Structure formats: C-alpha cells, structure tokens
Amino acid sequence: MFEERRESLVEMTAIEQLTNMCRIVRDELDLLDVMLKNYRENTEVPIEKVYEKIRATKNRGEDMVILIMEYLTRSSEIVMYSSSYMNMVKILDKVVQQIDAVAYRLLLACESKILLDENVLETFMKMVDLEKSQLNSIENALAKIRLSPKKVLEELNTVFKIEEEIDLMFRKSLFDVYARYSGYITALLILKDIFEHLEDISDFLKNIGEEIRYLALARSAV
C-alpha cells in the first residue's frame, strides 16, 4: 500500500511538472504570435525586444527540462511508465527549440527588411493558433490520465486532427510561397524554414499525444 501511494505521488508530480512545461511552451507560442502581429502591423514595438523575451522563455524551458529529467531519473524505479514521461519531456524540449528557430528567422527577415505577404503572415498566425489548441488538448489529456484514461482519447483526437490540418496547410502554403517568391531567394529560404519549423512543432505535439495515448491504453488494460 505504501509503495502504491508513493508511486501515485511521484506520478502526480511528474504530470504536474509536464503541465508546467506545457505552459512554458504556450508562453513561447504567445510571444511568437506577438512577434508575427508586430511584423504584420509594422508596430513601433521592436521585433528584437519580443525576440529577447522568446529567448528568455526558451532558456526557462531548458532549465525546466533539466529539473524534470533529474526528477524522473531519480524516480524511474518507482513510476511504471517513467520512460513515456521522459520521452514527453524530450519532445517538449524540441518544441521549445523549434519555436525559437521560427522567431529567429522572423528576426532575420525583419533585419533584412523583407516585406512578407499578408497571406503568408496570416497563415503563420493560423498555424500558431492551431498549435495552441493542440497544446490545450494535451494539457487536458494529462489532467485526466490518472482518473479517466478513456476520456483522454477524446482529447487526443483534437491533437491528431489539428496535425493533419496543419500538414495540409504546410503543403499548400509552401507551394504558394515558391510561386510568389521565386525571384527572391533570401525571402524564399527564410519562409521555407519557418513553414518547416511550424510544421515540425505540430508533428512533435502529435508525438506527445501518441505517448499519452499509450499511457491511456495501458491504464485501461490494467
């Protein structure tokens, strides 16, 4: 009985830490959204200042990753599914890095005085909003993983459907960018990178969903 309580407490802590990590990712996505809106509206707020905040959030995320990894490593013999929690932390770390990569390329575009098409910026913001929705569903799924594993699968459907939607947006929009910026190599390369990183973020969030789905199915089978 004592061991069961101990495992339960450790797992609750791991879930709480993962949720905190998700909130850091959301903070970073929110700042990326601000950066995109400032670029579109040409506001007086310097893009560089927003990017500095994104970098600070990225660093906060990296520190959190280290803390969670250390905790899970110490608790690996107690928690039955510690490897899945470990994988989710690693994937969230990749998401943090990808968001920073998008922001850096926007900074490069701004410094190079590249005029980005309104439709392109709108597509970027739409992808970011969709990824926030993916993240919300992941947090909701994590909150239910211990008490209602069957309901977790309903939340994850949103994560997987959004990934498919973003994949379609990525393919169509990238083709449009090739046609629109064919004679502007610098802009084309930067925009291609941004689209690919945004698509990667959605893929990584889907991978987290798959880890949660495994946990839910494993718990339902017990």
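The structure presented is a predicted model; accordingly, all values stated were derived computationally and were not measured.
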Heavy-atom side-chain contact between [X] and [Y] under 4.5 Å:
{"X": "E131", "Y": "I162", "value": "no"}
{"X": "S202", "Y": "M127", "value": "no"}
{"X": "K126", "Y": "E165", "value": "yes"}
{"X": "R180", "Y": "N119", "value": "yes"}
{"X": "E164", "Y": "K206", "value": "no"}
{"X": "R60", "Y": "D63", "value": "no"}

Return the [atom1] to [atom2] distance between [X] and [Y], rounded to the nearest 0.5 Å.
{"X": "D27", "Y": "I99", "atom1": "CG", "atom2": "CD1", "answer": "10.0 Å"}
{"X": "L116", "Y": "Y39", "atom1": "CG", "atom2": "OH", "answer": "4.0 Å"}
{"X": "M88", "Y": "L205", "atom1": "CE", "atom2": "CG", "answer": "12.5 Å"}
{"X": "L198", "Y": "D203", "atom1": "CG", "atom2": "CG", "answer": "11.0 Å"}
{"X": "I212", "Y": "I145", "atom1": "CD1", "atom2": "CD1", "answer": "6.5 Å"}
{"X": "R213", "Y": "N207", "atom1": "CZ", "atom2": "CG", "answer": "10.5 Å"}

*Among residues two or more places apart or on two chains, list those pairs meeting ring-ring contact (aromatic ring centres under 6.0 Å, His included) that have a residue in residues 128-158.*
none
*Please list all pairs passing the side chain to side chain donor-acceptor pair (under 3.5 Å) test where one or both residues lie in residues 101-116, with sequence neighbours left out.*
R105-D193
_Between Y85 and Q17, is there a side-chain donor-acceptor contact under 3.5 Å, judged purely by atom types and distance?_
no
*Modelled atom types, side-chain donor and acceptor of E211 and S84, under 3.5 Å*: yes
Shortest non-hydrogen contact between [X] and [Y], atoms and distance:
{"X": "E199", "Y": "I166", "value": "CA-CG2, 4.3 Å"}
{"X": "L135", "Y": "C22", "value": "CD2-O, 3.3 Å"}
{"X": "L142", "Y": "I15", "value": "O-CG2, 3.6 Å"}
{"X": "Y184", "Y": "I114", "value": "OH-CG1, 3.4 Å"}
{"X": "L156", "Y": "A141", "value": "CD2-CB, 3.9 Å"}
{"X": "Y181", "Y": "L115", "value": "OH-O, 3.6 Å"}

*asked:* With a sphere of 6.0 Å drawn around NZ of K144, does it hold more than 12 non-hydrogen atoms of other residues, nucleotides or ligands?
replied: yes
*Y214 OH: over 12 foreign heavy atoms closer than 6.0 Å*: no
*Go through the steps to decide whether V89 and M64 satisfy the test side-chain contact (heavy atoms from CB on, under 4.5 Å), and finish with yes or no.*
CA-CA 9 Å; V89 176; M64 176 65 76; over 6 Å; no
*Can you hop from L121 to Y178 via hydrophobic side chains spaced under 4.5 Å?*
yes
Side chains of residues 28-36: which donor-acceptor pairs under 3.5 Å do they make with residues two or more places apart or in other chains?
unit_1 : atom_1 : unit_2 : atom_2 : d
D30    : OD1    : K132   : NZ     : 2.9
D33    : OD2    : K37    : NZ     : 3.4

Under 3.5 Å donor-acceptor pairs involving side-chain atoms of residues 168-177, not counting sequence neighbours:
unit_1 : atom_1 : unit_2 : atom_2 : d
R171   : NE     : D167   : OD2    : 3.4
R171   : NH2    : D167   : OD2    : 2.9
K172   : NZ     : D176   : OD2    : 3.1
S173   : OG     : M169   : O      : 2.8

*Do K58 and E62 meet the salt-bridge criterion of a basic N to acidic O distance under 4.0 Å?*
yes
*asked:* The criterion is salt bridge (charged side-chain N to carboxylate O under 4.0 Å, His left out); which residues satisfy it with K192, sequence neighbours excluded?
replied: E196
*Check salt bridge (charged side-chain N to carboxylate O under 4.0 Å, His left out) between D100 and all other residues, then give those that pass, not counting sequence neighbours.*
R55
*Is there a side-chain contact (heavy atoms from CB on, under 4.5 Å) between M69 and I66 once you walk through the steps?*
CA-CA 5 Å; M69 294 285 279; I66 293 172; 5.9 Å; no
